[in-house]
Amino acid sequence: MIEKILSSAFIQAYELLYQKNPAVKFVIFQKTRPEFEGDYTLVVFPFTKELKKSPEQIATEIGQQMVSSTAVLSSFNVIKGFLNLVIDDIYWMEFFKKEAANESFGLLKKEDPQKVVIEYSSPNTNKPLHLGHIRNNLLGWSVAEIMKAAGNEVYKVNLVNDRGIHICKSMLAWQKWGEGKTPAKTKLKGDKLVGDMYVRFDVELKKQVEKLQTEGLAKDDAIAVAPLTKEAREMLFQWEAGNQDVRLLWETMNNWVYEGFSSTYNRLGIDFDKIYYESETYLLGKELVFEGLEKGVFYQKDDGSVWCDLSEDGLDEKLLLRADGTSVYMTQDIGTANLRYEDYKSDKMIYVVGNEQNYHFDVLQKVLAKLGKPWAESIEHLSYGMVELPEGKMKSREGKVVDADDLMDEVIATARRMTVELGKLENMESEEANNLFRIIGLGALKYFMLKVDPKKTMLFNPAESVDFTGNTGPFIQYTHARIKSVLRKAADNNILLDTEIALPKALLNKEKSLLVLLYTFPAMVEQAAENRSPALIANYMYDLAKEFNQFYQECPIIRETDEAQRLFRLQLSAFAAKTIHKAAALLGIEMPERM
RNA sequence: GGUCUCGUAGCUCAGCUGGAUAGAGCAGCAGCCUUCUAAGCUGCGGGUCGCAGGUUCGAGUCCUGCCGGGAUCACCA
């Protein structure tokens with residue numbers, strides 16, 4: 001890494017000149033801004049106090065010393081307190097020689113690889129996946145891939161919320177109004193069918209509640225005593241008691257949902273190493289709560305409910321077991337966290353969950369700490385922002401949701417339309433064309449979702465949907481296809497690429513900036529992994545594509561008459577294509593050979 | 001009300017954890033295809049980085065206060 005070389009050169013120069021050690025925290029090299037000459041810049045202001053010299057003087061002295069003692073430095077200049085260092089082209093060319101054909105470029109080896117378990121998706125089985133889930137799924141999957149690329153051992157897990165009152169509502173509605181419908185008979189995806197039943201329940205319940213309200217009941221009371229509410233509760237009770245009929249219906253309907261989900265996951269390109277089901281884990285937390293009660297870190301109220309007092313940590317008291325002894329959400333999460341740790345003995349457990357649950361995860365971590373679980377601090381809540389529509393938050397009850405399958409259909413249809421409009425379909429078989437629409441449509445969608453900082457709330461406008469020009473997935477895909485086209489043409493002209501790496505005598509501006517950008521890819525992977533941010537990869541990829549297009553515009557590749565130069569540019573282009581491809585793979589975005 | 005969080009161009013977003021004159025895309029305007037894919041490239045216009053203080057050589061970035069949006073504070077999940 002060039003930064004390391006520069007740092008140690010700086011420290012040596014500093015010690016030699018001033019007989020002192022520089023404060024390491026000030027030794028930071030950053031990329032020189034394009035309007036100045038140089039590749040890396042050090043700000044020398046911080047050293048003026050210690051050395052009692054002007055920044056210009058310090059920069060000049062150190063610059064001279066560094067250039068004379070460091071082979072990769074060819075020159076320097078000083079502007080105000082900024083020391084700009086120029087790296088010799090040879091350094092970049094050697095990097096090119098070493099890495100251009102290296103298939104594992106960008107795949108990092110870590111000295112201390114971590115075992116990471118990352119949970120994402122975590123759907124309820126009573127409704128289909130929507131736009132919010134898409135962000136969650138893409139984020140979780142991508143962060144997992146990025147952390148793998150950064151040299152960690154990563155396991156992707158899903159925790160399906162397959163039991164509870166909400167499932168019973170769908171089941172009950174199906175019994176009453178389902179008319180024996182099945183996904184096979186109706187040709188409706190299973191998750192959609194079950195979702196419809198859930199909505200139906202809500203509609204019917206509302207009717208009952210309104211009737212009760214006209215009889216003088218308050219809304220909350222009306223909901224509580226409505227026959228449907230009671231029936232749903234009864235069904236949940238029967239489920240917990242193991243009633244065979246209820247269990248059979250539950251299993252049947254959940255299987256419909258799983259088929260629906262897996263088709264959505266497949267299409268999105270999302271997968272898991274292990275799937276946990278809440279129906280199998282929801283009882284696990286209780287024991288731990290009792291343990292805590294014995295240890296005296298939790299306490300019991302007169303009504304029998306169990307609580308954890310977190311007021312010393314700045315939080316409230318938190319219920320862990322209801323008065324009737326049943327579990328709450330927190331109880332389950334304590335149990336599943338413990339199970340997961342026992343399963344994997346991981347160094348890190350990451351939960352990809354929306355920021356509306358920040359408080360929940362604060363509490364979870366503190367409760368586990370109180371239970372004396374040393375791995376409590378290995379829990380990390382990857383808290384991401386909500387996806388909002390122009391009119392505000394999505395509200396599933398009001399039907400204001402963007403359905404995941406519909407959205408995928410739509411972006412693929414748009415990709416088809418654009419491609420046809422642009423007349424890109426010559427000599428393309430329909431199979432390739434259809435696959436291309438899929439690749440472009442999903443590429444547009446995924447890039448759109450992932451280019452935004454995960455922590456931030458993002459806006460999705462269904463009317464405008466996602467763009468296909470500018471800072472978008474298709475732009476990057478187009479660049480990739482364009483490079484591939486050039487490479488194919490070179491092959492047609494019998495220009496062999498896989499010969500020795502070719503090096504020009506000197507680097508042109510655009511050749512160099514492309515090369516330097518490629519150089520930073522591994523560091524980018526590492527940074528994205530540390531920050532759990534696919535957005536960094538997305539933005540890098542965009543810069544890279546843009547940089548290539550500028551190079552392409554300025555430098556003839558096949559048309560170049562100097563053979564060595566031509567070969568170098570071809571290899572540089574191939575390197576860029578490979579790196580774009582690799583970066584995109586970390587986001588789950590496919591790159592077409594032509595488009 | 002307590003806690004957390006966000007506020008950057010008309011719109012959508014960057015801004016590498018404090019560095020030089022704050023950047024992209026979209027939208028608008030003007031150019032570039034008989035030459036490697038024009039889903040591209042080049043140029044122009046567009047900013048009190050919510051407001052006010054503070055910290056320091058230096059603040060969009062850190063601290064405090066205020067204004068405005070959002071989340072959360074359930075014997076729901």
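Each chain gets a letter, A, B and so on, in the order its sequence line appears, and its residues count up from 1. Because the structure is a prediction, the values reported are computed rather than measured. Hydrogens, waters and symmetry mates are skipped; everything else that's a heavy atom, side chains included, is used.
- Residue A/Q527 is classed as a sugar-phosphate contact, given heavy-atom separations below 4.0 Å to backbone atoms only.
- In this pair, A/F361 and A/Y351 present their aromatic rings tilted. The plane angle is within the 30 to 60° band.
- When the ring pair (Phe, Tyr, Trp, His ring centres under 6.0 Å) test is applied to A/H166, no partner is found at least two apart in sequence or on another chain.
- Residues A/P46 and A/T472 both approach RNA chain B. Their nearest nucleotides, taken by heavy-atom distance, put A/P46 toward the 5′ side.
- B/rC66 and B/rC4: their P atoms are spaced 13 Å apart (whole Å).
- Between A/E234 and A/K230 there is no salt bridge, since none of the side-chain N atoms of the basic residue sits less than 4.0 Å from a carboxylate O of the acidic one.
- Of the N and O atoms on the side chains of A/T281 and A/Q332, not one donor lies less than 3.5 Å from an acceptor on the other residue.
- Rounded to the nearest Å, the gap between the C1' atom of B/rA24 and that of B/rG43 is 16 Å.
- On the nucleic acid side, RNA chain B contacts chain A at distances under 4.0 Å to non-hydrogen atoms, with the end points of that region at B/rG7 to B/rA77.
- Backbone-only contact: A/F475 has heavy atoms under 4.0 Å from sugar-phosphate atoms and none from a base.
- Near RNA chain B, defined here as any heavy-atom distance below 4.0 Å, the residues from residues 441-456 of chain A are A/V452, A/D453, A/K456, listed numerically.
- At a threshold of 4.0 angstrom between heavy atoms, the contacts of A/E356 are confined to the sugar-phosphate backbone, with no base atom among them.
- Looking at heavy-atom distances under 4.0 Å, A/E464 makes no contact with the nucleic acid at all.
- Among the heavy atoms of the strands, none lies under 4.0 Å from A/L321.
- A perpendicular orientation is assigned to the rings of A/F460 and A/F448, their planes being inclined by more than 60° (bins at 30° and 60°).
- Partners of A/Y359 under the ring pair (Phe, Tyr, Trp, His ring centres under 6.0 Å) rule, at least two apart in sequence or in another chain, do not exist in this structure.
- Residue A/A523 is out of contact with every strand shown, counting any heavy-atom pair closer than 4.0 Å.
- Here B/rU17 is in the syn range [glycosidic angle within 90° of 0].
- In B/rC44 the base sits anti relative to the sugar, since the glycosidic angle is further than 90° from 0.
- Within the structure, the ring-ring contact (aromatic ring centres under 6.0 Å, His included) test picks out the following pairs touching residues 24-44 of chain A (sequence neighbours left out): A/F26-A/F47.
- Straight-line distance between the P atoms of B/rG60 and B/rC67: roughly 24 Å, to the nearest whole Å.
- Rounded to whole Å, the separation between the P atoms of B/rA20 and B/rA59 comes to 10 Å.
- Separation of the C1' atoms belonging to B/rA52 and B/rG7 is 16 Å when rounded to the nearest angstrom.
- Remark: A/E56 does not engage A/K80 in a salt bridge, criterion side-chain N to carboxylate O under 4.0 Å.
- At the heavy-atom level, A/P55 lies nowhere under 4.0 Å from the strands shown.
- Under a 4.0 Å N-O distance rule, the pair A/E356/A/K393 qualifies as a salt bridge.
- Here A/F548 and A/F551 bring their ring centres to under 6.0 angstrom of each other.
- Panel note: side chain A/K510, backbone A/N549; no donor-acceptor pair is recorded below 3.5 Å.
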Paired and unpaired positions of RNA chain B as dot-bracket, Watson-Crick or G-U wobble under 3.5 Å, | denoting a partner strand: (((((((..((((.....[...)))).(((((.......))))).....(((((..]....))))))))))))....
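- Separation of the C1' atoms belonging to B/rA14 and B/rG25 is 10 Å when rounded to the nearest angstrom.
- Among the atoms of the strands shown, only primed sugar atoms or phosphate atoms (P, OP1, OP2) are found under 4.0 Å from some heavy atom of A/K49.
- Contact annotation for A/T479: no contact, since no heavy-atom pair falls under 4.0 Å across all strands.
- Nucleotides B/rC11 and B/rU48, compared at atom P, are 12 Å apart to the nearest Å.
- Side chain of A/R322 to backbone of A/S327: a donor-acceptor contact under 3.5 angstrom is found.
- The residue A/F36 sits close to a base: some heavy atom pair falls under 4.0 Å.
- Residue contacts for A/Y329: at a heavy-atom cut-off of 4.0 Å it reaches a base atom on one of the strands shown.
- Counted by atom type alone, A/D362 and A/H381 present zero donor-acceptor pairs between their side chains at under 3.5 Å.
- No donor-acceptor contact under 3.5 angstrom links the side chains of A/Y540 and A/Q527, judged on distance only.
- Comparing A/I165 and A/N549 along RNA chain B, the residue whose closest nucleotide (by nearest heavy atom) sits nearer the 5' end is A/N549.
- Residue A/N84 is in base contact, counting any heavy-atom pair closer than 4.0 Å across all strands shown.
- Using a 4.0 Å heavy-atom distance criterion, A/M524 is classed as making no nucleic acid contact.
- If you take atom C1' in B/rG15 and the same atom in B/rU21, they sit 15 Å apart, rounded to whole Å.
- Residue A/L459 is classed as a sugar-phosphate contact, given heavy-atom separations below 4.0 Å to backbone atoms only.
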